[in-house]
Visitor: 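Quick one: structure below, then a few questions.
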Amino acid sequence: MTAKKKTAILLINLGTPDAPTPQAVRRYLKEFLSDTRVIEIPKFIWQVILNCFVLTTRPRRVAHAYEGIWQPAGSPLLTILKNQAEQLRQALSAKGIKVPVYAATTYGNPSITAVLEQLMDEAVESVVLLPLYPQYSATSTAAAFDKVAKFLMTRRNLPELHFIKDYHNHPLYIEALAQSVERYWQQHGRADRLLMSFHGIPKPYADKGDPYPKQCQATAVLLADRLALSAGEWAISFQSRFGAQEWLKPYTDELLGQWGASGVSVQVMSPAFSADCLETLEELAVENRQNFLQAGGSSYEYIPALNTDELHIEMMADLVKKYL
């Protein structure tokens, strides 16, 4: 069958600089860190801090980190996102559903605005929006919706929209995570402990009602239960904190330091990321590994994100097909 209305699917991820250079990183960070969904400090105060301090020092350091993970095709996150879109299109086509699938990013390129402009020019009547954040947060999912809403304010004739909020407990998502761990165990053996490291958010955001930490905990418990892990064999932590305020705890780097001092072996995964990116390929796989081993840990391994895993794509198909 084919969609009755002219429909398109939009896969959304956070974004990436256009190049691993300080200039490109600065442009990207300025857009990203100017979003009031991400930084809730009063705008005047934050813009002084951002432009006078953050953007004068951080881009060079971040660009160097991007250089270490950059691929011939470009940014890993964007390359994977485009591949996910194409594989989702193929998976739906195999089910008899002919619908185009586009990739867009909240910050950087291809922007949500640019892709929606293209869809409107093509007379698309219905858009299914799937932000690839398993756990909802105002800092990520809502920020993507803000971009959509801002675009719609400029249009007189609006398309029909279906916005998928989260999928933190979707059975196929949990199964895809579990199978990725089991495949890794089959190839590399099991470590003493499995650490599920999620991207953090400032604790005050959670105190104000952001459901993100509860959804992260729910994902972790479901995955641990599916893998039949005992309480001492796994833990949850939060990474990538920024600035001086308190973030969700335990912090990934601090917990790994404690585990390293006890001499255990660890395997780390990040169920919050649908695609490998700077935070997984550099922060988790390299930086935290070095710190863990220096603290005395016996071995450290990173289990990749789901990326274009077949069951991961099947889950996306299951999420969107009800709107087609």
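Basis for what follows: all heavy atoms, side chains included, without hydrogens, waters or symmetry-related copies.
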Visitor: Quick check on side-chain contact (heavy atoms from CB on, under 4.5 Å): which of P20, C277, P76 does I69 satisfy it with?
Guide: P76
Visitor: Can you confirm whether L10 sits close enough to V148 that some side-chain heavy atom of one is under 4.5 Å from a side-chain heavy atom of the other?
Guide: no
Visitor: Can you find a heavy atom in the side chain of M316 that is under 4.5 Å from one in the side chain of I313?
Guide: yes
Visitor: Check whether the side chains of T252 and S197 place a donor and an acceptor atom closer than 3.5 Å, and report yes or no.
Guide: yes
Visitor: Quick one: CD on E283 to CD on Q239, what's the gap to the nearest 0.5 Å?
Guide: 4.5 Å
Visitor: Is there a side-chain contact between D318 and H170, using heavy atoms and a 4.5 Å cut-off?
Guide: yes
Visitor: I'd like to know if the side chain of T7 and the backbone of K5 have a donor-acceptor N/O pair within less than 3.5 Å.
Guide: yes
Visitor: Pairing donors with acceptors under 3.5 angstrom, does anything connect the side chains of S137 and T139?
Guide: yes
Visitor: Report yes if some heavy atom in the side chain of L194 is under 4.5 Å from a heavy atom in the side chain of Y184; otherwise report no.
Guide: no
Visitor: Is L161 reachable from I164 through a run of hydrophobic residues whose side-chain heavy atoms are each under 4.5 Å from the next?
Guide: no
Visitor: Please find the pair of heavy atoms, one from H199 and one from A272, that lie closest to each other, and give the distance.
Guide: N-CB, 3.9 Å
Visitor: Tell me whether Y28 contacts the main-chain N or O of G15 through its side chain, where contact means a donor paired with an acceptor under 3.5 Å.
Guide: yes
Visitor: Applying side-chain contact (heavy atoms from CB on, under 4.5 Å) between E314 and each of L172, L319, L88, D309, report the one that passes.
Guide: L172
Visitor: For Q179 and E175, which I'm curious about, is there any donor-acceptor pair between the side chains at under 3.5 Å?
Guide: yes
Visitor: For the atom pair CG (N169) and CG (L223), what is the distance rounded to the nearest 0.5 Å?
Guide: 13.0 Å
Visitor: Applying a strict under-4.5 Å side-chain criterion to I, L, V, M, F, W and Y, I'd like to know whether M196 and V264 cluster together.
Guide: no
Visitor: When you look at L227 and W234, which way does the side chain to side chain contact (heavy atoms under 4.5 Å, CB included) test go after all the steps?
Guide: CA-CA 10 Å; L227 293 171; W234 70 280; over 6 Å; no
Visitor: Examine distances only and state if a side-chain atom of Y251 and a backbone atom of G200 form a donor-acceptor pair shorter than 3.5 Å.
Guide: no
Visitor: Please determine whether side chain to side chain contact (heavy atoms under 4.5 Å, CB included) holds for the pair L278 and V62, giving the CA-CA distance in whole Å, both sets of side-chain angles, and the decisive distance to 0.1 Å.
Guide: CA-CA 9 Å; L278 187 69; V62 174; 4.1 Å; yes
Visitor: If the condition is side chain to side chain contact (heavy atoms under 4.5 Å, CB included), which residues does I174 pass it with, not counting sequence neighbours?
Guide: T219, L222, R226
Visitor: Does V181 share a hydrophobic cluster with F273, counting links as ILVMFWY side-chain heavy atoms below 4.5 Å and allowing steps through other members?
Guide: no
Visitor: Could you walk me through whether H162 and K322 pass side chain to side chain contact (heavy atoms under 4.5 Å, CB included), step by step?
Guide: CA-CA 10 Å; H162 301 282; K322 68 181 70 175; over 6 Å; no
Visitor: Rounded to the nearest 0.5 Å, how far apart are OG1 of T106 and CZ of F32?
Guide: 9.5 Å
Visitor: Do any N or O atoms from the side chain of E31 and from the backbone of G108 form a donor-acceptor pair under 3.5 angstrom?
Guide: yes
Visitor: Assess, by modelled atom type and distance only, whether the side chains of Y302 and D276 contain a donor and an acceptor separated by less than 3.5 Å.
Guide: yes
Visitor: Show the nearest heavy-atom pair for residues P213 and A206, with the distance to one decimal.
Guide: CG-CB, 3.7 Å
Visitor: We want to know whether E86 and Q90 form a side-chain donor-acceptor pair, criterion being a heavy-atom distance below 3.5 angstrom.
Guide: yes
Visitor: Restricting to non-hydrogen atoms, name the atom on A218 and the atom on H168 that form the minimum distance, rounded to 0.1 Å.
Guide: CB-CD2, 3.8 Å
Visitor: Are P17 and R27 packed together at the side-chain level, in the sense that at least one heavy-atom pair is separated by less than 4.5 angstrom?
Guide: no
Visitor: Please answer whether the main-chain N or O of G189 pairs with a side-chain N or O of Q267 as donor and acceptor at a distance below 3.5 Å.
Guide: yes
Visitor: Give me the atom names and distance for the closest heavy-atom approach of V115 to A104.
Guide: CG2-CB, 3.9 Å
Visitor: Under 6.0 Å from the CG atom of N157, do we count more than 12 heavy atoms belonging to anything else shown?
Guide: no
Visitor: Using distance alone, with no hydrogens and no angle criterion, decide if N13 and T105 have a side-chain donor and acceptor under 3.5 Å apart.
Guide: no
Visitor: Checking side-chain contact (heavy atoms from CB on, under 4.5 Å) against P202, which of K208, R241, Q245, E40 comes through?
Guide: Q245
Visitor: How about E279 and S240: does a side-chain donor come under 3.5 Å of a side-chain acceptor?
Guide: no
Visitor: Please evaluate residues R61 and E287 with respect to the criterion salt bridge (charged side-chain N to carboxylate O under 4.0 Å, His left out), reporting the C-alpha separation (whole Å), side-chain torsions for both, the decisive distance (0.1 Å), and the verdict.
Guide: CA-CA 13 Å; R61 185 170 67 253; E287 181 182 338; over 6 Å; no
Visitor: List the atom of S270, the atom of L284, and the distance in Å for their closest heavy-atom pair.
Guide: CB-CD1, 3.8 Å
Visitor: For T56 and F53, indicate whether the former's side chain and the latter's backbone hold a donor-acceptor pair under 3.5 Å.
Guide: yes
Visitor: Should we say atom CZ of R60 is surrounded by more than 12 heavy atoms from elsewhere, each under 6.0 Å from it?
Guide: no
Visitor: So, the side chain of D166 versus the backbone of Q135: is there a donor-acceptor pair under 3.5 Å, distance only?
Guide: no
Visitor: To the nearest 0.5 angstrom, please state how far the CD1 atom of I303 sits from the OG1 atom of T280.
Guide: 12.5 Å
Visitor: In terms of hydrophobic clusters joined by side-chain contacts under 4.5 Å, are V25 and V54 together?
Guide: yes
Visitor: Can you find a heavy atom in the side chain of D253 that is under 4.5 Å from one in the side chain of S237?
Guide: no
Visitor: Hey, could you give me the CG/OG1 distance between L81 and T308, rounded to the nearest 0.5 Å?
Guide: 11.5 Å
Visitor: Going by an N to O cut-off under 4.0 Å, is there a salt bridge joining R183 and E310?
Guide: no
Visitor: Can you list every ring-ring contact (aromatic ring centres under 6.0 Å, His included) pair that touches residues 129-150, not counting sequence neighbours?
Guide: F145-F163
Visitor: With the 4.5 Å side-chain cut-off for hydrophobic clustering, are M269 and L132 part of the same group?
Guide: yes
Visitor: Hey, are the side chains of W259 and L195 touching, using non-hydrogen atoms and a 4.5 Å cut-off?
Guide: yes
Visitor: State whether a side-chain donor-acceptor pair under 3.5 Å links Q290 with Q294.
Guide: no
Visitor: Indicate the atoms forming the closest heavy-atom contact of W46 with L33, along with that distance.
Guide: NE1-O, 2.7 Å
Visitor: To the nearest 0.5 Å, how far apart are CG in L255 and CZ in R193?
Guide: 8.0 Å
Visitor: If only atom types and distance count, is the side chain of Y300 paired as donor or acceptor with the main-chain N or O of N288 below 3.5 Å?
Guide: no
Visitor: For Y212 and S140, run side chain to side chain contact (heavy atoms under 4.5 Å, CB included): C-alpha distance rounded to whole Å, both residues' side-chain angles, the deciding distance at 0.1 Å, then the answer.
Guide: CA-CA 10 Å; Y212 181 74; S140 54; 5.8 Å; no
Visitor: Closer than 3.5 angstrom, by distance alone: can the side chain of S34 be matched with the main-chain N or O of K30 as a donor-acceptor pair?
Guide: yes
Visitor: For E233, does the CD atom have more than 12 heavy-atom neighbours from other residues, nucleotides or ligands under 6.0 Å away?
Guide: yes
Visitor: Quick check: does any side chain N or O of W70 sit under 3.5 Å from a backbone N or O of A19, one acting as donor and the other as acceptor?
Guide: no
Visitor: Can you establish whether the number of heavy atoms outside H64 located under 6.0 Å from its atom NE2 is more than 12?
Guide: no
